[in-house]
Amino acid sequence: MGTFNHSVKVPKLYKCAAKICQEVARGVGSIKQLVYEKKHFNTSALYALIVTTFQKAEQIELILKRTQLFEKEPRLDPWLAKIFISELVWGKKKLPNSQAKPIQTILAYEQAFKAHLSDTSEDTEGGVCKKPRYVRVNTLTNTVNEAVELFEDEGWVLQPVDQPDDYMKFIEQLSWLEAGTSFFNHPGYKKGSIVLQDKASCLPVHILSPPPGSVVLDMCAAPGMKTTQLAAALNDEGTVYAVERDSKRYEVLTKMIETAGAKCVKTINKDVLECGNSDFPGVEYILVDPSCSGSGMVDRVVIAADQLDARLRKLSGFQIKILRSALTRYPQAKRIVYSTCSLYAEENEDVVRQVLETNNDFKLVPAGNFVKNMWKNFGSSSFGDIGKYCLYARPQEDLTNGFFVAVFERLEDGENNQFYNGRVSKYMKNQNRKEERMKKRESMRMMGELGDVGNENNEHQRTKRNKQSKNQETNLESKPNVSLEEISENITDDKNKTAETEESTMEQTGTEVKEKKKKHKKREEEAVADLEIVQSNLNRNQ
Ligand SMILES: C[S@@+](CC[C@H](N)C(=O)[O-])C[C@H]1O[C@@H](n2cnc3c(N)ncnc32)[C@H](O)[C@@H]1O
């Protein structure tokens with residue numbers, strides 16, 4: 001091993017890359033978001049280094065296991081070591097000429113890494129595909145021809161596309177750029193002429209195809225790729241309601257909309273599960289693109305196998321809930337597209353199946369119809385027609401990120417949803433119960449008001465009632481109007497909410513998630529305390 005000097009620092013690029021990897025793995029943000037937040041002078045090198053490290057995650061883990069690097073070198077920073085291995089084996093294939101200790105330590109294992117790599121490459125190399133760099137032309141600010149000219153001026157050559165299909169033409173116009181081509185600093189990207197959006201990620205909006213002038217709801221909007229694509233589909237005529245719950249991601253969303261010059265978008269920083277028809281009147285087209293495992297993303301962070309089942313269960317619970325709300329809360333909705341960038345049936349066909357089984361207002365329509373039946377990959381045959389009707393983009397065959405799309409359309413009179421099994425979902429039962437409770441309260445309130453008319457004693461009775469309830473309030477330590485049933489329901493609701501928050505805030509920071517959990521726990525405890533107070537008062541009154 002060469003000599004090293006403790007005072008020699010690791011170059012900033014590697015330290016920064018290791019820090020971002022650690023944050024991505026903790027769910028603080030996406031690679032892109034964190035890289036751009038760091039404002040490092042060599043963004044593209046930083047991005048490439050991190051993406052390669054995640055792409056090669058399985059191989060790196062195997063190499064680490066076989067060389068027992070961390071057992072032998074316990075002081076090595078794990079993410080820094082992974083970054084160096086990635087650079088040494090797949091990146092520049094060398095490390096900076098430095099005496100810094102971590103660099104020297106890694107270099108001492110170079111031969112061992114390479115030897116182990118030759119054993120591992122066969123089974124894992126096939127997992128990574130070389131997809132081209134896709135760009136979507138933002139037709140709100142320039143035409144496809146203008147964008148093509150912009151690139152041709154720089155020496156790019158546009159290749160003809162064989163497929164006659166509009167979708168293929170539009171999306172692939174500029175797709176013949178080598179894998180890894182970077183456009184983050186391109187003036188066209190900075191001023192919003194192009195959007196760096198994967199071809200498969202363009203599918204959901206292409207399939208939803210809202211005509212200009214329509215009212216659209218984008219339920220999970222940030223960072224805003226599909227929101228801006230929706231605005232372009234509308235030719236900026238009509239309305240796109242873009243809802244995003246996470247406040248940090250909401251900021252990114254508003255910025256992206258501004259850069260794209262989309263005027264028809266109304267952004268809402270709210271939990272869409274708390275919204276309904278009165279918030280977004282007249283919604284006709286809905287895009288449901290919820291948080292998912294991201295297993296289709298070529299530069300994804302791999303979820304550890306022992307956590308996968310639990311993670312998928314949580315995610316699919318949330319996905320079912322959000323899709324159901326789309327299908328039940330917007331009476332004027334005609335077409336709804338559900339999409340994920342996951343390749344797991346648990347988040348895709350199975351979500352579609354569960355929602356369809358309890359809904360008789362919508363039918364599933366073959367997604368292939370919307371791409372002129374030219375698509376190759378569909379859902380699993382183990383889901384019967386549901387599989388046939390849903391569409392997949394698969395990295396190896398389509399050279400895109402992995403994606404899933406399902407399309408729902410409102411039933412016409414006399415039509416049936418062939419997958420409906422006649423059962424009412426728990427979700428709908430809860431919704432109906434809530435509505436009934438609200439109606440009951442409203443009619444009691446109305447009766448109270450009507451009762452005032454022509455009743456001389458009413459004033460007196462109301463004062464008496466108020467007095468009684470004030471006394472009760474004091475007895476119940478200010479919790480008089482809450483029934484046992486309501487409090488119990490709140491506890492359950494809060495429990496569900498805690499789970500849901502966990503599922504859908506993958507993109508939130510660890511601290512935010514912790515804070516939220518704390519708050520939910522406190523609310524739960526308060527609700528339990530309320531329940532006990534009401535219970536003890538009831539016992540006392542019996
Ligand atoms: C897969 S991303 C959406 C990507 C986006 N459609 C695009 O194309 O750029 C999912 C987004 O949904 C947001 N989200 C999750 N649960 C939500 C909820 N209940 N209400 C609103 N937004 C939510 C997440 O914060 C995240 O930004």
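First listed ligand is number 1; within each ligand, the first listed atom is number 1.
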Inset, instruction - Drop me the distance from Ser209's OG to Phe370's CZ, to the nearest 0.5 angstrom. - result: 6.0 Å
Legend entry - Rounded distance (nearest 0.5 Å) linking atom CG of Asn417 with atom CG of Asn360: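 Output value for this atom pair is 5.5 Å.
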Of all the atoms in ligand 1, which lie at a distance below 4.0 Å from a heavy atom belonging to [X]?
| X | value |
| --- | --- |
| Met219 | 21 (C), 22 (N) |
| Asp289 | 1 (C), 2 (S), 3 (C), 4 (C), 5 (C), 6 (N), 8 (O), 10 (C) |
| Asp271 | 18 (C), 19 (N), 20 (N) |
| Phe318 | 15 (C), 16 (N) |
| Ala221 | 5 (C), 6 (N), 7 (C), 9 (O) |

Inset, instruction - Step through the shown structure and confirm whether more than 12 heavy atoms of other residues, nucleotides or ligands are within 6.0 Å of CD on Glu258. - result: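 Atom CD in Glu258 is not packed in, count stays at 12 or less.
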Legend entry - Whether Gln197 lies under 4.0 Å from ligand 1, heavy atom: no
Inset, instruction - Determine whether any heavy atom of Lys270 lies closer than 4.0 Å to an atom of ligand 1. - result: yes
Does any N/O atom on [X] come nearer than 3.5 Å to any N/O atom on ligand 1?
| X | value |
| --- | --- |
| Pro290 | no |
| Glu244 | yes |
| Leu273 | no |
| Val272 | yes |
| Asp246 | no |

Legend entry - Donor-acceptor pair between Glu349 and Tyr392 side chains, under 3.5 angstrom: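 Tyr392 and Glu349 do have a side-chain donor-acceptor pair below 3.5 Å.
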Inset, instruction - State, without any angle test, whether Asn359 and Thr328 hold a side-chain donor-acceptor pair at a distance under 3.5 Å. - result: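 Their side chains do not contain a donor-acceptor pair, so the 3.5 Å distance test is not met.
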Inset, instruction - Go through Trp79 and Phe54 one step at a time and tell me if the ring-ring contact (aromatic ring centres under 6.0 Å, His included) criterion holds. - result: CA-CA 11 Å; Trp79 278 110; Phe54 280 118; 5.6 Å; yes
Legend entry - Salt-bridge criterion met for Asp279 and Lys270 (N-O under 4.0 Å):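 Yes, Asp279 and Lys270 are salt-bridged.
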Inset, instruction - Apply ring pair (Phe, Tyr, Trp, His ring centres under 6.0 Å) to Tyr250 and list each qualifying residue two or more places apart in sequence or on a separate chain. - result: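 Listed in chain order: nothing, the list is empty.
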Please list every donor-acceptor pair under 3.5 Å in which a side-chain atom of residues 214-226 meets a protein atom from a residue at least two apart or in another chain.
| unit_1 | atom_1 | unit_2 | atom_2 | d |
| --- | --- | --- | --- | --- |
| Ser214 | OG | Pro211 | O | 2.5 |
| Asp218 | OD2 | Thr227 | OG1 | 2.7 |
| Lys226 | NZ | Asp289 | OD2 | 2.6 |

Inset, instruction - Could you name the option among Met225, Gln229, Arg245 that has the heavy atom nearest to atom 21 (C) of ligand 1? - result: Arg245
